[in-house]
Amino acid sequence: MSAIQPIYPLVDPMPKATADAPIGIFDSGVGGLSVALEIARYLPNERFVYYADTAYVPYGPRKDQEIRDLTARAIEWLYREGCKVAVVACNTASAFSLDYLREHYGENFPIIGLVPALKPAVLNTQSKTVAVLATPATFRGQLIKDVMTRFAEPAKVKVIPVTCLDLVPFVEAGQQMSPECLATLTQILQPVVDQGADYLVLGCTHYPFLKSSIQYIFG
Ligand code: DGL
């Protein structure tokens with residue numbers, strides 16, 4: 001760890017968690033709840049521990065190493081809470097942390113991460129143009145680049161990256177339908193519509209909470 005101090009020192013490995021231990025879910029803020037809701041829908045008998053790093057949200061504008069340190073601290077906390085698996089329910093955190101975390105914890109503590117759902121958009125687009133709305137940090141990471149190289153490029157689908165640092169604070173504040181949020185969405189997404197994109201990938205776990213706002217503006 002460099003800048004961010006761990007909550008617990010990384011000491012001896014903990015005993016392996018039992019099958020009835022909770023699933024740990026982590027995001028920089030409330031965004032990961034969009035993932036938690038889906039997991040709970042598919043696994044209704046599981047228990048969950050949710051870590052929202054509200055002291056440091058948003059992660060999007062932060063440096064790569066800082067995102068990795070914050071993520072490592074959160075995952076270590078979930079591990080110490082006795083979770084049997086950790087879900088990095090944050091595209092930004094996943095972009096810089098999955099390899100490191102998997103190597104650190106090994107098989108005893110599986111780490112599940114996210115990458116924006118570009119693949120289904122590529123498979124379904126009619127206009128051969130799709131947009132991905134994600135944080136700048138997510139676009140710097142290798143995970144999304146790999147999906148572009150493996151799926152979008154061979155299919156000759158144009159991918160329009162869209163970033164905006166104002167959106168996560170709107171969601172954290174519950175201001176998705178505020179005039180300011182609607183104006184911001186119009187400003188960043190109208191050019192994408194004008195370029196003929198027929199799919200918009202919500203590449204940040206906060207953004208499903210903007211779905212109604214986007215539908216209100218664009219239908
Ligand atoms: N929810 C996070 C993601 O999926 C990012 C939010 C933030 O900038 O902190 O990328």
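Whatever order the structure lists ligands and atoms in, that order sets their numbers, starting from 1. Position 1 is the first residue of the sequence; numbering continues from there.
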Exercise for the section: Using a strict cut-off of 4.0 Å, indicate which atoms of ligand 1 neighbour a heavy atom of Val57. Expected result: 9 (O)
Handout entry: Nearest protein heavy atom with distance in Å, relative to atom 7 (C) of ligand 1
Key = Tyr59 N, 3.3 Å
Handout entry: Heavy-atom check, side chain of Ser94 versus side chain of Val115, under 4.5 Å
Key = no
Problem - Pairwise side-chain contact, Ile188 with Leu167, heavy-atom cut-off 4.5 Å (strictly under) - result: yes
Handout entry: Numbering as shown, the atoms of ligand 1 that approach Gly60 to under 4.0 Å (heavy-atom distance)
Key = 7 (C), 8 (O), 9 (O)
Practice task
Just say parallel, tilted or perpendicular for the rings of Phe109 and Tyr79, cut-offs at 30° and 60°.
Solution key: tilted
Exercise for the section: Look only at the side chain of Lys158 and the backbone of Ala197, and say whether a donor-acceptor pair between them is shorter than 3.5 Å. Expected result: no
Exercise for the section: Look at Glu76 together with Arg73 and state whether they make a salt bridge at an N to O cut-off of under 4.0 Å. Expected result: no
Handout entry: Side chain, backbone, both or neither: Thr205 near ligand 1, heavy atoms under 4.0 Å
Key = both
Practice task
Identify, by atom number and element, the atoms of ligand 1 in contact range of Asn91, meaning under 4.0 Å from any of its heavy atoms.
Solution key: 3 (C), 4 (O), 10 (O)
Exercise for the section: Give the cluster check for Tyr51 versus Val57: same hydrophobic cluster or not, with ILVMFWY residues linked at side-chain heavy-atom distances below 4.5 Å. Expected result: no
Practice task
Below 4.0 angstrom from a heavy atom of Pro58, which ligand 1 atoms are there? Numbered from 1 as shown, please.
Solution key: 7 (C), 8 (O), 9 (O)
Practice task
Please determine if Arg68 forms a cation-pi arrangement with Tyr100, meaning its NZ or CZ atom is less than 6.0 Å from the six-membered ring centre and no more than 45° off the ring axis.
Solution key: yes
Completion exercise
the protein heavy atom lying closest to atom 6 (C) of ligand 1 turns out to be Ser28 OG, 3.4 Å
Handout entry: ligand 1 to Val168 polar contact by distance, N or O atoms, under 3.5 Å
Key = no
Problem - Under 3.5 Å donor-acceptor, Arg62 side chain and Tyr56 backbone - result: yes
Fill in the blank from the handout: One finds that the ligand 1 atoms under 4.0 Å from a non-hydrogen atom of Cys204 are 1 (N), 2 (C), 3 (C), 4 (O), 5 (C), 6 (C), 10 (O)
Fill in the blank from the handout: Counting heavy atoms under 4.0 Å, the part of Cys90 that contacts ligand 1 is both
Practice task
Using distance alone, decide if ligand 1 has a nitrogen or oxygen within less than 3.5 Å of any nitrogen or oxygen in Asp27.
Solution key: yes
Exercise for the section: Just need the protein heavy atom nearest to atom 10 (O) of ligand 1, so name the residue and atom and give the distance. Expected result: Thr92 OG1, 2.6 Å
